[in-house]
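Taking it in order: structure first as structure tokens, then the write-up.
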Amino acid sequence: MSAREEILAAVRAALREAPVPPEVSRGYRESPSEDRAVVLDRFAERVAEYRATVVRCAPAGLAETLETVLADLTSVVVPAGLPFEVPRATVGDSLSAAGLDAVDVVVTAAAVGIARTGTIVLDHGPGQGRRALSLVPDRHVCVVFGDQVVAGVPEGVARLDPGRPQTWISGPSATSDIELDRVEGVHGPRQLTVVLVDG
């Protein structure tokens, strides 16, 4: 018997003798039903706590809100399949990393927003683009619709396809050195604006 076979046999024997783990209640995974306005307010509050900018608007005001948010920016890139119009935008799916680095801002949609953690999730479907599109430009404007916002992480995960790539974003990219000096923009956009469309 080889050393590998001995080790595996010992592991199998130990597993046979291990007690059966007790059944664990998973009731904590579901958030109690809450008023939609409370969930959306919590989402906006938690996103802002991460030093992101939150702009709220009604569906009819989305175009005007984007015009205001993008007013001082000249090169605006969007992914293909965006379900709304973005002023002065060009589709940037074929841009290289260097080309994306020269862009002022990228505007994307999202797959899910999670209120408890202030997180937006991109699964890189239509309107969200490939990962580089939302990570390389210095500014990211993400439009989240009210019906995409859920109370907690379990509800968010339930809406996602585990076979798709996912990017979970909680505020602008930031890191700290050993002395806890915060540096933004190291691993992604330095500025994040979340446009929450509710109503």
For the residue pair R51 and Q191, establish whether any side-chain heavy-atom pair is separated by less than 4.5 Å. no

Side chains of S134 and L122, heavy atoms from C-beta outward: is any pair under 4.5 Å? yes

Side-chain contact test, heavy atoms from C-beta onward, threshold under 4.5 Å: evaluate it for L66 versus F84 and give yes or no. yes

Measuring from atom CZ of R131 to atom CD of Q166, what distance do you get when rounded to the nearest 0.5 angstrom? 8.5 Å

Counting only heavy atoms from other residues, nucleotides and ligands, does the tally under 6.0 Å from CD of E85 exceed 12? no

Heavy-atom check, side chain of D198 versus side chain of F43, under 4.5 Å: no

For R164 and H124, indicate whether the former's side chain and the latter's backbone hold a donor-acceptor pair under 3.5 Å. yes

E45 atom CD: more than 12 heavy-atom contacts under 6.0 Å: yes

4.5 Å side-chain heavy-atom contact, I114 and V150: yes

What distance do T108 atom OG1 and L82 atom CG have between them, rounded to the nearest 0.5 Å? 7.5 Å

Decide, yes or no, whether a salt bridge links D41 with R56 under the criterion of side-chain N to carboxylate O below 4.0 Å. yes

From T167, L100, L135, residue fulfilling side-chain contact (heavy atoms from CB on, under 4.5 Å) relative to R130: L100

